[in-house]
Protein chains: 2
Amino acid sequence: MIFSSKAEYGVRLMIELGRQAPEHPTSLKAIADAEGLPLAYLEQVVARLRRAGLVMSARGAHGGYWLSRPAGEIAMDEVVMALEGSIAPMECFINEHTERVLCSHEPDAGRRCATKLLWTRVQGGIIRSLQTTTLAELVDFAGDPVTGYAEPGSAPELAVTE
Amino acid sequence: MIFSSKAEYGVRLMIELGRQAPEHPTSLKAIADAEGLPLAYLEQVVARLRRAGLVMSARGAHGGYWLSRPAGEIAMDEVVMALEGSIAPMECFINEHTERVLCSHEPDAGRRCATKLLWTRVQGGIIRSLQTTTLAELVDFAGDPVTGYAEPGSAPELAVTE
DNA sequence: CACAAATCCTACCAGCAGGGTCGGTTTAGC
DNA sequence: GCTAAACCGACCCTGCTGGTAGGATTTGTG
């Protein structure tokens with residue numbers, strides 16, 4: 001699995017916030033109920049988004065969360081990065097100096113690390129996909145309850161089997 | 001982390017095999033020594049590659065493994081797919097009917113699943129990166145022990161920070 | 001034939017990250 | 001003061017990752 005449930009929950013949460021008017025705080029409870037997610041766990045998820053500056057919050061009664069920017073200005077790589085911490089295809093992309101044998105880059109034999117080339121390309125592919133998708137797109141896609149047909153041009157890329 | 005160590009080890013193994021003349025079997029022990037990887041674990045890894053038809057094997061003394069096709073005809077998505085089983089950004093891409101709350105696609109509210117759109121794009125980005133890289137490229141990149149400079153044009157895409 | 005080098009196969013295991021839960025504290029509106 | 005919310009930190013359970021162990025089988029060589 002590439003992304004953990006934090007990413008899934010966090011993106012859903014962002015979409016819910018994107019559906020609301022800005023500055024109108026939405027409580028976590030409302031989101032948890034709407035999406036059927038555990039409230040206590042969502043707290044941890046939303047904390048990451050807040051620390052990353054993607055959402056803002058108000059405490060106390062009638063408090064809640066809202067997007068700190070319009071959904072159209074939020075690229076999904078920011079969101080996923082905040083939720084997952086990093087987008088790393090392989091361990092050595094995070095811990096340069098793990099004790100694991102796993103990644104003996106710059107090895108004694110003097111050969112260049114070919115797997116790093118591969119994983120770097122993969123990372124590029126992922127980040128590009130995320131960067132070119134905005135939260136607003138996802139909000140539009142989820143859209144209003146389905147009426148039977150999609151708005152034209154709203155789903156340019158949905159070939160699952162690629 | 002996106003890929004497990006099986007992918008790292010398996011790709012390294014394939015590169016080692018790509019460096020050898022075809023039909024000349026290479027023993028796992030030689031590869032394990034060359035890469036500094038545990039032999040017993042490599043057995044499990046290479047078994048996946050064999051079952052996928054990417055390598056062939058000969059038992060007995062002077063047995064070993066070799067590529068079943070020229071390295072130039074092996075795209076890396078095949079290799080990674082064989083090693084990892086699948087390339088799935090999110091759990092629901094594998095177990096359509098897991099009991100987890102995680103993925104309530106086609107939900108009661110009738111809204112379309114926007115996260116699935118996002119993960120599908122990501123999956124596409126990954127698979128495209130892998131498909132457009134052949135094993136031969138990686139073998140060339142690892143190349144002979146570094147002499148100080150790369151062959152021109154051999155590393156078209158190495159921007160780690162992207 | 002005996003032996004050694006190799007693939008092949010199955011079972012087992014320890015650690016740890018993922019996916020939560022729980023209880024409590026603080027803040028703010030009514 | 002009560003209640004609804006955000007906030008915080010500790011804890012916990014389960015399954016998967018990354019191996020290890022031990023053998024069985026095959027095959028070239030002396």
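Reminder, nothing fancy here: chain letters follow the sequence lines and each chain counts from 1. Heavy atoms only: backbone and side chains are in, while hydrogens, waters and symmetry mates are out.
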#### Entry: Rounded distance in Å - CD (A:Glu43) to C1' (C:dG23)
11 Å

### Task
On DNA chain C, check which nucleotide each of A:Leu39 and B:Leu28 is closest to and give me the residue with the more 5' one.
B:Leu28

### Query
OP1 or OP2 of D:dG18 less than 4.0 angstrom from a side-chain nitrogen or oxygen of B:Ser4, does that happen here?
yes

#### Entry: Nearest-nucleotide comparison on DNA chain D, the residue closer to the 5′ end among A:Ala40 and A:Ala58
A:Ala58

### Query
Do the side-chain N or O atoms of B:Arg50 get closer than 4.0 angstrom to the phosphate oxygens (OP1, OP2) of C:dC9?
yes

### Rounded interatomic separation in angstrom, taking CZ from A:Arg48 and C1' from D:dC8
14 Å

### Task
Using atom CZ of A:Arg51 as one end and atom P of D:dA6 as the other, report the distance to the nearest whole Å.
15 Å

### Message
If we ignore hydrogens and angles and just use 3.5 Å, is the side chain of A:Gln131 paired with the main-chain N or O of A:Ala75 as donor and acceptor?
### Response
no

### Nucleotide C:dG20, atom P - distance to CD of A:Glu8 in whole Å
12 Å

Please list each protein N or O that sits under 3.5 Å from an N or O in nucleotides 28-30 of chain D, with the distance.
none

### Query
Which whole-number value in Å describes the distance from B:Leu49 CG to C:dC8 P?
12 Å

### Task
Any chance you could lay out the side chain to side chain contact (heavy atoms under 4.5 Å, CB included) test for A:Glu16 and A:Thr26, step after step, and finish with the verdict?
CA-CA 9 Å; A:Glu16 285 290 330; A:Thr26 306; over 6 Å; no

### Query
Side chain of B:Gln44, base of D:dT20: donor and acceptor closer than 3.5 Å?
yes

### Task
Find the distance between CD (B:Glu35) and CD1 (B:Ile15) and round it off to the nearest 0.5 Å.
7.5 Å

### Task
Report the C-alpha distance between A:Val79 and A:Leu135 in whole Å, list the side-chain angles of each, state the deciding distance to 0.1 Å, and finish with yes or no for side chain to side chain contact (heavy atoms under 4.5 Å, CB included).
CA-CA 9 Å; A:Val79 177; A:Leu135 180 59; 5.7 Å; no

### Query
Do NZ/NE/NH1/NH2 and the carboxylate oxygens of B:Glu8 and B:Arg12 come within less than 4.0 Å?
yes

#### Entry: Side-chain N or O of A:Tyr41 closer than 4.0 Å to phosphate OP1/OP2 of C:dC22
no

### Task
For the residue pair B:Tyr41 and B:Tyr9, categorise the inter-ring angle as parallel (less than 30°), tilted (30 to 60°) or perpendicular (more than 60°).
perpendicular

## Note on the structure
When rounded to whole Å, the CH2 to P distance for the pair B:Trp66 and C:dT7 reads 11 Å

## Note on the structure
Rounded to whole Å, the CG-P distance (B:Leu42 to D:dT20) equals 11 Å

#### Entry: For atom CG of A:Leu83 and atom P of C:dA17, their distance in whole Å
19 Å

### Task
Taking only the side-chain heavy atoms of A:Ser5 (C-beta and beyond), determine which of D:dA6, C:dC8, C:dG20 contains the nearest atom.
C:dG20

### Query
Taking the side chain from B:Ser68 and the backbone from B:Gly53, do they hold a donor-acceptor pair closer than 3.5 Å?
yes

### Query
Would you say B:Ser57 reaches C:dA6's phosphate, i.e. side-chain N/O to OP1/OP2 under 4.0 Å?
no

### Message
Is the phosphate of D:dG19 approached by B:Tyr9 (side-chain N or O, under 4.0 Å from OP1 or OP2)?
### Response
yes

